[in-house]
Amino acid sequence: MKLVFSKTNLAKAVGIVMKAVPAKTTMNILECILIDATTNEIKFTANDMELGIETIVEGEIIEKGKVAIDAKIFSEIVRKLPDNEICIETDSNYTSLITCEKSKFNIAGKSGDDFSYLPIIEKDKFITLSQFTLRETINQTLFSIAMNDNNKMMTGELFEVANGILKVVGLDGHRIAIRNIELTSHADDVKVVVPGKTLSEISKILSTNAEDAVTIYFTNNHILFEFDNTTVVSRLIEGEYFRINQMLSSDYETKVTINKKEFLDSIDRATLLIKESEKKPIILSITDGSLEVHVNSSMGSLNEDIDINKDGKDIMIGFNPKFLIDALKVIDDEQIYIYLVNPKAPCFIKDKEESYIYLILPVNFTAE
């Protein structure tokens, strides 16, 4: 096999597929990137058996063939080579000669025949949306999922399509993030749970251009994303997702309209006085025309007033500041609406159309 690439195209392709190379594995072949130039196009593939990525790379095929190359060393070589044409040549023992200007690397390769290709996915059920929208939706919800495996379902996100609306939900037991996206083209009804790791890696390679589309295909066990020249396949998390609608309520005793930036900046300042080990809540005292942010810790105290519009009852309620900051950071609206019932019930931050909903559980506090 003999292939020639520009440094830019090669580095981009390697960067994409590296996201599916496992950090640890007992199967050596999975530590490799498969370079397949047996047809008239060059494909790079990586697969950790949960997540697989394949991308078509622009380059010149001088001699057809395929080889599996250790992903870590290959990506480092490509990254550090000069910005010029790169030639990859293999011999009958799969030894790979990588040449660029005056640099020549000889590294051991493996037969590509042992590599696990991506599973064949039936393309029956699918939706199409812009890459920008999908990227934003993931970034606006993924922070709410659980990081550990105590409850596998909480480490993924619900993707539910019904009546032309894509609902994406993430939760961790203390908060819920929901985005509702209106789909303007073909949309089959589905309900699946996608691993958070898959979505995290996908969001890093999606385009920020609103014109670029992504098509998502669904089966019972897999989800497939197709965009540009890249295919991403992931296993789904099996099981029944939580009954979200039972946790959502339109009842409220207090409604607050507040400037988002002022609120976010105030909470940000309050966290300066909170040590990670203390886990001190911030306390919000809501009265007519004013929301007071209060924190009292071993490092000091802060009181800060923000002008608001309030409908309903006065309330004093405590929160983990990180949960409020995470939600506020991803909301684009200048003004936000906060709905509260009592100091023990969840608060909701949502817009009037409910294109986004953030539910945050309060924390107990002692009045100081």
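Throughout, numbering of the chain's residues begins at 1 and tracks the sequence. Note that these values count all heavy atoms, side chains included, but never hydrogens, waters or copies made by symmetry.
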Handout entry: Qualifying residue, where the test is side-chain contact (heavy atoms from CB on, under 4.5 Å) with I56 and the options are T230, T231, N229
Key = N229
Handout entry: Nearest heavy atoms of F263 and L291, plus distance in Å
Key = CE1-CD2, 4.0 Å
Problem - Atom CD of E182 with >12 non-hydrogen neighbours under 6.0 angstrom - result: no
Exercise for the section: Check whether any side-chain heavy atom of S203 lies under 4.5 Å from a side-chain heavy atom of L142, and answer yes or no. Expected result: no
Handout entry: salt bridge (Lys or Arg N to Asp or Glu O under 4.0 Å) evaluation trace for D326 with K329
Key = CA-CA 5 Å; D326 284 347; K329 271 185 174 174; 5.8 Å; no
Handout entry: Over 12 non-hydrogen atoms of neighbours within 6.0 angstrom of CD in E238
Key = no
Completion exercise
E201 meets the salt bridge (Lys or Arg N to Asp or Glu O under 4.0 Å) criterion, sequence neighbours left out, with K204
Practice task
Give a yes or no on whether I317 and L324 share a hydrophobic cluster (residues Ile, Leu, Val, Met, Phe, Trp, Tyr; joining criterion: side-chain heavy atoms under 4.5 Å apart).
Solution key: yes
Practice task
First locate atom CD of E122, then atom CG of L224, and finally report the distance between them rounded to the nearest 0.5 Å.
Solution key: 12.0 Å
Problem - Heavy atoms of other groups near N148 CG, more than 12 under 6.0 Å - result: yes
Practice task
Walk me through it: do K255 and N309 pass the test side-chain hydrogen bond (donor to acceptor under 3.5 Å, both in side chains)?
Solution key: CA-CA 8 Å; K255 178 185 175 184; N309 285 325; over 6 Å; no
Handout entry: Backbone N/O of G196 and side chain of S200: donor-acceptor pair under 3.5 Å
Key = no
Exercise for the section: Identify, with sequence neighbours excluded, every residue that meets ring-ring contact (aromatic ring centres under 6.0 Å, His included) alongside F44. Expected result: F5
Practice task
Could you tell me which residues satisfy salt bridge (Lys or Arg N to Asp or Glu O under 4.0 Å) with K110, sequence neighbours excluded, listed by chain and number?
Solution key: none
Practice task
Test the K125-F218 pair against the cation-pi criterion, namely NZ or CZ under 6.0 angstrom from the six-membered ring centroid and within 45° of the ring axis.
Solution key: no
Problem - Within 6.0 Å of CG in N40, more than 12 heavy atoms from elsewhere - result: no
Practice task
Report yes if some heavy atom in the side chain of V293 is under 4.5 Å from a heavy atom in the side chain of L284; otherwise report no.
Solution key: yes
Practice task
For the pair D48 and K197, evaluate salt bridge (Lys or Arg N to Asp or Glu O under 4.0 Å) and give the outcome as yes or no after the intermediate values.
Solution key: CA-CA 12 Å; D48 70 4; K197 182 198 170 202; 2.6 Å; yes
Handout entry: Geometric class of the Y339/Y252 ring pair [parallel <30°, tilted 30-60°, perpendicular >60°]
Key = perpendicular
Problem - Qualifying residue for side-chain contact (heavy atoms from CB on, under 4.5 Å) with I237, from T198, V193, V194, V192 - result: V193
Problem - More than 12 heavy atoms of other groups within 6.0 Å of F132 CZ - result: no
Exercise for the section: Carefully, step by step, assess K123 and E226 under the rule salt bridge (Lys or Arg N to Asp or Glu O under 4.0 Å). Expected result: CA-CA 11 Å; K123 296 183 176 180; E226 269 188 4; 2.4 Å; yes
Completion exercise
Note: D307 and I258 closest approach over all heavy atoms is O-CG1, 4.3 Å
Exercise for the section: Say whether D36 and T38, considering side chains only, have a donor N or O and an acceptor N or O under 3.5 Å apart. Expected result: yes
Handout entry: side-chain hydrogen bond (donor to acceptor under 3.5 Å, both in side chains): pairs with one or both residues in residues 85-101, sequence neighbours excluded
Key = N84-E101
Handout entry: Inter- and intrachain pairs under side-chain hydrogen bond (donor to acceptor under 3.5 Å, both in side chains), touching residues 7-25, at least two apart
Key = S6-N9
Handout entry: Residue list, salt bridge (Lys or Arg N to Asp or Glu O under 4.0 Å) with K261, at least two apart or on another chain
Key = D265
Handout entry: N106, CG atom: more than 12 neighbouring heavy atoms under 6.0 Å
Key = yes
Practice task
Kindly indicate whether the side chain of S297, heavy atoms from C-beta on, has any atom under 4.5 Å from the side chain of K275.
Solution key: no
